[in-house]
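Note that ligands are numbered from 1 as they come in the structure, with each ligand's atoms numbered from 1 the same way. What you see is a predicted model, and the numbers here were worked out from it, not measured in a lab.
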Amino acid sequence: MQITVLKETERGESRVALVPESVKKLTGMKVAVTVESGAGIEAGSGDADYEAAGGTVTKYRGALLEAADVVAVINRPPAEDIARMKKGAILVGFLRPLDEPEKLKLLVERGVTAFAVELIPRTTRAQSMDALSSMATVVGYKAVLMAAAHVPRMFPMLTTAAGTVPPAKVLVLGAGVAGLQAIATARRLGAVVDGFDVRAAAGEAVRSLGAKFLEIDMGGLQTEDAGGYAREVTEEVMQRSRELIAKQARQTDCIITSAQVPGKPAPLLVTKEAVAGMKRGSVIVDLAGSTGGNCALSEPGEAIESDGVTIMCPLNLAATVPVHASQLYSRNITSFLSLMIKDGALNVDFNDDIIGPACAVHQNEARHPRIQAALAGKS
Ligand code: NAD
């Protein structure tokens, strides 16, 4: 059985799916790991590190793809790579099954068995495989550093001989994994932090990090689904949220937004008027750019300025911390792959309560209703 690690081809991508530490673990399970030359270089691992871990390194990408039983990736590979994979081979990575279900058509046609890390259930048993949480942790941390580096004031309150400097005020919208990490990081830097989320359950987590939770009347609305994710809320609740945020924005130095609803466009929380009401020099870091952004003025992938307010909307922030992002992701993937390796061979149990739900495509068929609908032209 051969597991292959490719050099990522997407622009700006510097992470690698498996780091040498994981290669050592997998080869210890009697599977062969082949690595495309240079795959880990930007994530701090050279070819020699992979070889020392028991991997085989080659520069022949095509040959690697043709021989692979499992291809481990960060991003969905380009069409020419998928075309070279064996029928029945396994692909594991961020495949964007809910945001771009139509793009999985090639995998269906090729007969590849595709596992999307986004579909791995957020259960206790699957915690060690939760790549969404790993990347969100990195992203929430880095967003605060970007804001702190850009804002023309310091984060902590300082009492000096020249007088006292007040702490920066940070507002975090969306208190999922990224938002909570942003709150924790901003608090460590000494900022005064407010958090907001439509899920009432997020309030306790926000407060436990020493931040204030902003609340609005949800009108008795059920805002959380059975999986713990936010539901889309009514326009009335959205309006109330935007008003509260606009009011709070006037006295805020940095806003970090991370609000998402799986499979839907990101909710619009920071209006043009809210931005206009902010102090000059304030900064917004919008982390929801891949689904449209939480700020009306955000331009995904760009940083713009409006009335003296900088609005940054980075698209792949995890790739700016490639060493730790790769290390965490690699551990997640290795933990997932370990479920389907037995005595050095593939043993995939689709009835397993992690493997089954994580499978997006198998035997020329889409397994997730959202992908099925998209491929049938219904989405
Ligand atoms: P996400 O990226 O889907 O969304 C980020 C946040 O945006 C969520 O907290 C969501 O409630 C919030 N949001 C959505 N619409 C909003 C709106 N209109 N206004 C304000 N906020 C809005 O979330 P995530 O980080 O992937 O986490 C989703 C859920 O999964 C959370 O409940 C989290 O605690 C849970 N989770 C569980 C586990 C586990 O048990 N293993 C691991 C990770 C996350």
Margin query: So for atom CD, which belongs to Glu204, do other residues, nucleotides or ligands contribute more than 12 heavy atoms lying within a distance under 6.0 Å?
Written below: no

Notebook entry, point to check: Is any NZ, NE, NH1 or NH2 atom of the basic residue among Lys169 and Asp194 found under 4.0 Å from an Asp or Glu carboxylate oxygen of the other?
Noted result: no

Next item on the list: Rounded to the nearest 0.5 Å, what's the gap from OH on Tyr50 to CG on Leu18? Could you check?
Entry: 7.0 Å

Check: In terms of the angle between their ring planes, are Phe196 and Phe213 parallel, tilted or perpendicular, with boundaries placed at 30° and 60°?
Finding: parallel

Check: Should the pair Arg153-Asp253 be classified as a salt bridge under the 4.0 Å nitrogen-to-oxygen rule?
Finding: yes

Next item on the list: Applying side-chain hydrogen bond (donor to acceptor under 3.5 Å, both in side chains), name anything that partners Glu236, two or more places apart in sequence or on another chain.
Entry: Arg240

Could you pull out the N/O contacts under 3.5 angstrom between ligand 1 and the surrounding protein atoms?
{"unit_1": "ligand 1", "atom_1": "4 (O)", "unit_2": "Gln260", "atom_2": "O", "d": "3.3"}
{"unit_1": "ligand 1", "atom_1": "7 (O)", "unit_2": "Gln260", "atom_2": "N", "d": "3.2"}
{"unit_1": "ligand 1", "atom_1": "9 (O)", "unit_2": "Gly176", "atom_2": "N", "d": "3.1"}
{"unit_1": "ligand 1", "atom_1": "9 (O)", "unit_2": "Asp197", "atom_2": "OD2", "d": "2.6"}
{"unit_1": "ligand 1", "atom_1": "9 (O)", "unit_2": "Arg199", "atom_2": "NE", "d": "3.4"}
{"unit_1": "ligand 1", "atom_1": "9 (O)", "unit_2": "Arg199", "atom_2": "NH2", "d": "2.7"}
{"unit_1": "ligand 1", "atom_1": "11 (O)", "unit_2": "Asp197", "atom_2": "OD1", "d": "2.7"}
{"unit_1": "ligand 1", "atom_1": "11 (O)", "unit_2": "Asp197", "atom_2": "OD2", "d": "3.3"}
{"unit_1": "ligand 1", "atom_1": "11 (O)", "unit_2": "Arg199", "atom_2": "NE", "d": "2.8"}
{"unit_1": "ligand 1", "atom_1": "25 (O)", "unit_2": "Val177", "atom_2": "N", "d": "2.7"}
{"unit_1": "ligand 1", "atom_1": "26 (O)", "unit_2": "Arg122", "atom_2": "NH1", "d": "2.8"}
{"unit_1": "ligand 1", "atom_1": "26 (O)", "unit_2": "Arg122", "atom_2": "NH2", "d": "3.4"}
{"unit_1": "ligand 1", "atom_1": "32 (O)", "unit_2": "Arg199", "atom_2": "NH1", "d": "3.0"}
{"unit_1": "ligand 1", "atom_1": "32 (O)", "unit_2": "Gly228", "atom_2": "O", "d": "2.7"}
{"unit_1": "ligand 1", "atom_1": "40 (O)", "unit_2": "Arg122", "atom_2": "O", "d": "3.3"}
{"unit_1": "ligand 1", "atom_1": "41 (N)", "unit_2": "Arg122", "atom_2": "O", "d": "3.4"}

